[in-house]
Amino acid sequence: MSTVRRAAVVLVAASALALTACGPSEDGAAGGTDVPTAAPTGSASPSATAEPSTPSTPSAPAKTSKPAKSTPPPAKPAKPGKPGKPSKPTTDPDYDVFPCSTYDVTFTANLAEPTTSSYLLKITNKTGKPCRVLGHPIVTFGDLDGQATERGTAPGIEDAIRLAPGQSAYAGLMGGLKTPKSKTVSSIAMTMNTESDLTQVPLKASTPGLNVSDDNSVTAWMDNAEDALSL
């Protein structure tokens, strides 16, 4: 029972006791038996204690749809690159001058001194472009094995003879003095030093009675006959 209801009951009971203590009314003295009954004081019916309402859970905000991705604009075509500058020609006039081979020259051998079987070797550029004459000629004697021994030193490739079309170069070949071991050949064959693995066709020259001893030798190519025979 709530506190309000209890308070109302107590009030009614107290009122009843007060009326009884006062005795019977005049009407009661006359023989009446009715005892006035105090009307219960009307009281407000107790209201139930209001329970606190549970706060409602806020609803989640509605998801907004993501804007559609826009298609990126097409890429701009790349600009064509600038053409490269042409390379400057080299200042070396002989940068494209290659070594002479037997395909570029004609070849002759002429007797210069019979005692030592010395011959003047000569080559002439028969092409329409220059070539470089490198090192010593490679000379073989007839059907004998081996080749002539190189005599003296040759200039490097940078200082080699530049043989223009129609120009000649010379070398001195010496068969050597006659000895019991000497042999005689009637021809020689020559190939050029190209400092490469180029296969060449040997150029032959007639050398009747050429004495070949162990001290045979050949000079490097020279730009004049006198120097070639003086070494």
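FYI, the numbering just counts along the sequence from 1.
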Where [X] and [Y] come nearest, the two heavy atoms and their spacing:
{"X": "D214", "Y": "K181", "result": "OD2-CD, 4.4 Å"}
{"X": "L134", "Y": "A160", "result": "CD2-CB, 3.6 Å"}
{"X": "P165", "Y": "P130", "result": "CD-N, 4.0 Å"}
{"X": "T191", "Y": "P202", "result": "CG2-CA, 3.6 Å"}
{"X": "Q147", "Y": "F141", "result": "C-CE1, 4.4 Å"}
{"X": "V97", "Y": "R132", "result": "O-NE, 3.5 Å"}

Distance from [X] atom [atom1] to [Y] atom [atom2], nearest 0.5 Å?
{"X": "N110", "Y": "S118", "atom1": "CG", "atom2": "OG", "result": "13.0 Å"}
{"X": "H136", "Y": "T153", "atom1": "NE2", "atom2": "OG1", "result": "7.0 Å"}
{"X": "M190", "Y": "T108", "atom1": "CE", "atom2": "OG1", "result": "9.0 Å"}

Whether [X] side chain and [Y] backbone form a donor-acceptor pair below 3.5 Å:
{"X": "S213", "Y": "G175", "result": "yes"}
{"X": "D215", "Y": "S217", "result": "no"}
{"X": "N211", "Y": "T116", "result": "no"}
{"X": "D159", "Y": "G156", "result": "no"}

* Asked: So does K129 have more than 12 non-hydrogen atoms from other groups sitting under 6.0 Å from NZ?
  ->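 No.
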* Asked: Are side-chain N/O atoms of T124 and S168 paired as donor and acceptor at under 3.5 Å?
  ->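 Side chains of T124 and S168: pair found under 3.5 Å.
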Please determine whether residues [X] and [Y] belong to a single hydrophobic cluster, defined as Ile, Leu, Val, Met, Phe, Trp and Tyr linked transitively by side-chain heavy-atom distances below 4.5 Å.
{"X": "L203", "Y": "L173", "value": "yes"}
{"X": "W221", "Y": "M174", "value": "no"}
{"X": "V105", "Y": "Y119", "value": "yes"}
{"X": "V133", "Y": "F98", "value": "no"}
{"X": "L111", "Y": "V139", "value": "yes"}

* Contact check, side chains of T102 and F107, non-hydrogen atoms, under 4.5 Å ->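 Of all side-chain heavy-atom pairs linking F107 with T102, none is under 4.5 Å.
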* Asked: With side chains defined as the heavy atoms from C-beta onward, is the minimum distance between M192 and D104 less than 4.5 Å?
  ->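 No. Closest side-chain heavy atoms not under 4.5 Å.
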* To do: Begin from the C-alpha positions of L121 and V218 and carry the test side chain to side chain contact (heavy atoms under 4.5 Å, CB included) through to its verdict.
  => CA-CA 9 Å; L121 309 183; V218 66; 4.1 Å; yes
* Positive for side chain to side chain contact (heavy atoms under 4.5 Å, CB included) with C131, one of I161, N125, T194 ->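 Answer to the side chain to side chain contact (heavy atoms under 4.5 Å, CB included) test with C131 among I161, N125, T194: N125.
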* Can you name the one residue among T184, L144, I188 that meets side chain to side chain contact (heavy atoms under 4.5 Å, CB included) with V212? ->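 For V212, the side chain to side chain contact (heavy atoms under 4.5 Å, CB included) check succeeds only for L144.
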* To do: Take S101 and Q200 through the test side chain to side chain contact (heavy atoms under 4.5 Å, CB included) and record every step on the way to the result.
  => CA-CA 7 Å; S101 71; Q200 302 178 68; 3.5 Å; yes
